Amino acid sequence: MRIATYNINGINGRLDTLLAWLADTQPDIVCLQELKAPQAKFPERQLKEAGYASVWHGQSRWNGVAILSRDSEPVLTRRGLPRDSHPSQSRYIEAALNGLLVGCLYAPNGNPAPGPKWDYKLRWLKQFTAHAKQLLALDVPVILAGDYNIIPAERDVYNPDRWRNDALFLPEVRKAYASLLKQGWCDAIATIHPDKPVYTFWDYLRQAWERNAGLRLDHLLLSPGLAARLKDAGVNRVMRGRPKASDHAPAWIALDIK
DNA sequence: ATGACATCATTATGATGA
């Protein structure tokens, strides 16, 4: 079974790109972020015709998350986090499918730091971490995939010093990520690729893609039972090089189930 | 430090992103 996460940066503006990628790579489960579409403008029909059933949490202009599933209907278990301080921001959706519980997240960016957006990011990560703990306690296979907006470590950024004071890399968010992992989650990409940098994002600016000036921001976290089934992981870098690409590329894992 | 580039919304400019 293959599961992917992709910050699509506008699902309607990039629907052809998304459909081509689905046809090429045929992931079983997909987590999407930054739909940038209101609930009513989600392309449910086109995805259905491509063989994917969807649940989604839309929002006009910004944010928005969705879970797609091939061969099965995802059963929605939650939209938004418990005790969400900004419930109007669509940043979390969760569904049961294929015997798994899948959480799809789009964490706040947090810039500029310090400031209210930074405070919101730390608060959101705290709520997310508390929810993740609850999910682990259920003792079912869980995957938490999405755009965490966190650079976990120095090796996950082309030039750490350039990002030292950025909300993606400040010690507080790296600590938040570390404490999440300490609950027992497995960072799939870091586990499969412990040494080499594996970027998932390249800025549109300053020819970041051409220079491979990338960041690893998109993560797939596995509960312990699933971690034992992890076979492979990677990034579809080719998607970032296409015309009109999202600034993120899809990150994927392969699990030894079914 | 600034701005380069992209999204969507609304129509030439603004908010947001990372």
Side-chain angles (χ1 to χ4, degrees), chain A residues 5-19 21 32-43 46 56-66 86 88-92 104-125 128 145-174 176-177 189 197-219 235 237 239-251:
Chain A
T5 180
Y6 190 8
N7 181 321
I8 191 69
N9 188 14
I11 191 170
N12 288 310
R14 241 180 283 285
L15 186 56
D16 291 346
T17 301
L18 176 62
L19 293 174
W21 171 70
L32 297 174
Q33 303 85 33
E34 283 208 79
L35 304 179
K36 294 188 173 178
Q39 189 72 6
K41 291 236 176 104
F42 183 87
Q46 292 93 324
W56 67 98
H57 191 194
Q59 179 185 339
S60 184
R61 293 191 196 203
W62 299 305
N63 310 320
V65 284
H86 290 60
S88 61
Q89 297 199 17
S90 302
R91 296 186 177 277
Y92 186 76
C104 170
L105 65 138
Y106 175 50
N109 173 298
N111 279 306
K117 293 188 175 178
W118 170 244
D119 295 340
Y120 172 47
K121 178 175 195 170
L122 295 182
R123 210 160 50 235
W124 194 93
L125 288 173
F128 176 71
D147 181 353
Y148 283 71
N149 267 318
I150 296 173
I151 302 166
E154 306 253 329
R155 70 181 174 91
D156 298 314
V157 48
Y158 65 99
N159 177 4
D161 286 335
R162 152 78 179 79
W163 294 85
R164 205 64 73 185
N165 296 313
D166 193 281
L168 308 186
F169 196 48
L170 280 165
E172 287 93 330
V173 294
R174 292 159 66 185
Y177 192 75
I189 299 226
V198 181
Y199 303 142
T200 66
F201 167 88
W202 298 260
D203 207 310
Y204 287 123
L205 312 173
R206 296 172 295 261
Q207 297 183 296
W209 168 246
E210 289 79 0
R211 295 185 293 122
N212 195 28
L215 312 174
R216 188 168 75 99
L217 302 179
D218 302 272
H219 311 305
V235 174
R237 285 175 61 107
M239 295 304 295
R240 182 60 182 84
R242 298 236 172 118
K244 297 260 297 170
S246 167
D247 41 6
H248 295 250

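This structure is a prediction, so every number in the text was calculated from the model and none was measured. Labels below follow one simple rule: chain letters A, B, ... track the order of the sequence lines, proteins then strands, and each chain is numbered from 1.
Distance noted for atom P between B:dT16 and B:dT10: 15 Å (whole Å). Taking the P atoms as reference points, B:dA1 lies 26 Å from B:dA6, given to the whole Å. Atom P of B:dT7 sits at a distance of 26 Å from the matching atom of B:dT2, rounded to the whole Å.
The separation between A:Asp166 atom CG and B:dG17 atom P is 12 Å, rounded to whole Å. B:dC5 atom C1' lies 10 Å from atom CZ of A:Arg240, rounded to whole Å. One interatomic measurement links the two molecules: NZ of A:Lys121 to P of B:dG17, which rounds to 10 Å at whole-angstrom precision. Atom CG of A:Asn9 is separated from atom P of B:dA15 by 19 Å (rounded to the nearest Å). B:dT7 atom C1' lies 12 Å from atom CG of A:Asn12, rounded to whole Å.
Nearest-nucleotide positions on DNA chain B place A:Arg162 closer to the 5' end than the other of A:Arg162 and A:Lys41. Two residues, A:Leu215 and A:Lys36, neighbour DNA chain B, and the one matched to the more 5' nucleotide by heavy-atom proximity is A:Lys36.
A:Arg61 has no side-chain polar atom (N or O) that falls below the 4.0 Å cut-off from OP1 or OP2 of B:dT7. Of the side-chain N and O atoms in A:Lys117, one or more sit less than 4.0 angstrom from OP1 or OP2 of B:dG17. A close approach under 4.0 Å does occur between a side-chain nitrogen or oxygen of A:Lys244 and OP1 or OP2 of B:dT7.
Pairing for B:dT13 goes to B:dA9, judged as Watson-Crick or G-U wobble with the two contacts each under 3.5 Å.
Contact of the A:Trp163 side chain with the A:Leu215 side chain is registered, since non-hydrogen atoms from C-beta on lie closer than 4.5 Å.
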_Working for side-chain contact (heavy atoms from CB on, under 4.5 Å), residues A:Leu168 and A:Phe201_ = CA-CA 12 Å; A:Leu168 308 186; A:Phe201 167 88; over 6 Å; no

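Proximity of a side-chain donor or acceptor of A:Arg174 to a complementary backbone N or O of A:Ile150 within less than 3.5 Å is not detected. The main-chain N or O of A:Thr200 is never found under 3.5 Å from a side-chain atom of A:Arg216 such that the two would form a donor-acceptor pair.
Counting any heavy atom pair closer than 4.0 Å across all strands shown, A:Asn63 reaches no nucleic acid atom. Heavy atoms of A:Asn149 sit under 4.0 angstrom from primed sugar atoms or phosphate atoms, though from no base atom. When heavy atoms are screened at a 4.0 angstrom cut-off, A:Tyr106 is found touching the sugar-phosphate backbone but no base atom. At a threshold of 4.0 angstrom between heavy atoms, the contacts of A:Gln207 with the nucleic acid are absent.
Under 3.5 Å, the side chain of A:Arg206 and the base of B:dA4 form at least one donor-acceptor pair of N or O atoms.
Distance check, rounded to the nearest 0.5 Å: CG of A:Asp218 to CG of A:Leu105 gives 9.5 Å.
B:dA4 has its base anti relative to the sugar, with a glycosidic angle deviating from 0 by more than 90°.
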